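Computed from a predicted model, the values in this text were never measured in an experiment.
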Amino acid sequence: AAAALGRALTGGVLIGGLLKIAQRVAVKFEGSGPLKKLIVESDSNGVVRGYVQQPLVDLPQTAQGYDVVGAIGAAGLLTVVKDVGLRDLAQSVIPLATSTIDGDLTAYLEQSEQIASVVQVGSMVDEAGYTTIAGGILLQAMPPRGADVVQLLRERLQEMPPIEVMLATGRTPEQVASELFGELVYVELEKRPLIFQCSCSRERSEKALLSLGRAEIELLLEEGEAVIDCHFCHERYVFDRDELEILLGEMPE
């Protein structure tokens, strides 16, 4: 589960890096495997959060390493939802192409956005279950370059060690880029930190309660309290009877 989440978080920040300021993206992998569902949200500033529905999944490793494919499941859907500041959200849904996360994100970019792309992500987890290495590469053709350059870089990536192995052996992202691009001229435009941070809050929890409607809140009053747990960071927001009565007072009759 940790290996899959590490890959998905990395893929999420790569997709988020394509966004403009104040835009957000949510990526959901929902397959037939024991993980059930894996959700990641990121924005244009490198802020990311995510969770797996079944975090205790621990399958035996295969010859290729962590069995992320088996954990996610061969059959399922990848859903990408973008908030680009318009009234309606932009949503794309495609069948899982490989269940490897990076292969699925590549398929999404090429099918839904019609852009020649390559995504590779990887992570390593120690025996205690902590992620020790996570990294990824996202390549897209930009004018005047075409899909032929993306195909060239795709082939080079296949000949290189996996990104997590390169990082684990001490290569920096800059060194990986230099090795990948070789004689191709490129310019480093930007560096930014990545932040695992949840956007939940008590205020947002109040809004969620209000959206339930008067009847539901009255039922919660009878129970004595309302408890909202955040799936992403496990923060718990408890609203006692007095607070629920205040919320009822804010609602129209």
Side-chain angles (χ1 to χ4, degrees), residues 1-16 25-42 48-81 92-112 117-139 153-171 173 176 180 194 196 231-234:
L5 182 59
R7 292 187 187 185
L9 289 168
T10 304
V13 295
L14 290 174
I15 298 296
V25 63
V27 183
K28 179 174 69 173
F29 299 85
E30 200 164 16
S32 57
L35 280 184
K36 301 296 184 183
K37 183 165 59 178
L38 195 164
I39 295 178
V40 169
E41 295 180 0
S42 67
V48 63
R49 66 176 187 169
Y51 74 93
V52 291
Q53 185 173 344
Q54 300 294 334
L56 300 181
V57 170
D58 186 17
L59 302 181
Q61 292 200 30
T62 67
Q64 290 73 40
Y66 305 111
D67 190 9
V68 172
V69 174
I72 293 176
L77 297 174
L78 167 62
T79 303
V80 179
V81 181
S92 298
V93 182
I94 66 168
L96 292 174
T98 63
S99 299
T100 59
I101 293 178
D102 46 12
D104 303 300
L105 293 176
T106 298
Y108 155 72
L109 291 169
E110 294 194 328
Q111 294 178 30
S112 297
S117 307
V118 178
V119 178
Q120 185 186 109
V121 296
S123 63
M124 290 186 173
V125 181
D126 64 18
E127 293 182 357
Y130 289 96
T131 299
T132 57
I133 291 289
I137 298 171
L138 188 156
L139 302 168
L153 296 174
R154 186 197 308 269
E155 293 171 358
R156 287 186 182 177
L157 267 180
Q158 292 173 347
E159 296 172 355
M160 296 168 64
I163 180 64
E164 68 271 24
V165 173
M166 289 190 282
L167 295 174
T169 55
R171 288 184 179 90
V176 172
L180 174 62
L194 302 180
F196 186 91
H231 291 296
F232 292 92
C233 68
H234 303 293

Would you name the heavy atoms of [X] and [Y] that are closest together and state the gap between them?
X	Y	result
I163	Q120	N-OE1, 2.9 Å
A3	V125	N-CG2, 3.7 Å
V81	T79	CG2-CG2, 4.0 Å
A26	E41	CB-CG, 3.9 Å
G70	P34	O-CD, 3.3 Å
I94	S112	CG2-OG, 3.7 Å

Original post:
Which of parallel (below 30°), tilted (30 to 60°) and perpendicular (above 60°) describes H231 and Y51?
Top reply: parallel
Can you tell me if [X] uses its side chain to pair, donor with acceptor, with the backbone of [Y] under 3.5 Å?
X	Y	result
D102	V121	yes
T106	V119	yes
S92	V80	no
R156	L180	yes
S42	G12	yes
T169	M166	yes

Original post:
Checking side chain to side chain contact (heavy atoms under 4.5 Å, CB included) for the pair L78/V27: CA distance, chi angles, key distance, verdict?
Top reply: CA-CA 7 Å; L78 167 62; V27 183; 3.5 Å; yes
How far does [atom1] of [X] sit from [atom2] of [Y], to the nearest 0.5 angstrom?
X	Y	atom1	atom2	result
L77	F29	CG	CZ	12.0 Å
L96	I101	CG	CD1	9.5 Å
L5	I39	CG	CD1	11.0 Å
E164	R7	CD	CZ	6.5 Å
L9	L194	CG	CG	10.0 Å
L35	L59	CG	CG	7.5 Å

Original post:
For L14 and L105, what are the C-alpha separation, side-chain angles and deciding distance, and is it a side chain to side chain contact (heavy atoms under 4.5 Å, CB included)?
Top reply: CA-CA 10 Å; L14 290 174; L105 293 176; over 6 Å; no
Subject >> Heavy atoms from other residues, nucleotides or ligands near CG of D67 exceed 12 (cutoff 6.0 Å) >> reply: yes
Flag the pair [X] / [Y] as yes when at least one side-chain heavy-atom distance between them is below 4.5 Å, and no otherwise.
X	Y	result
L157	L139	yes
V165	I133	no
V40	V48	yes

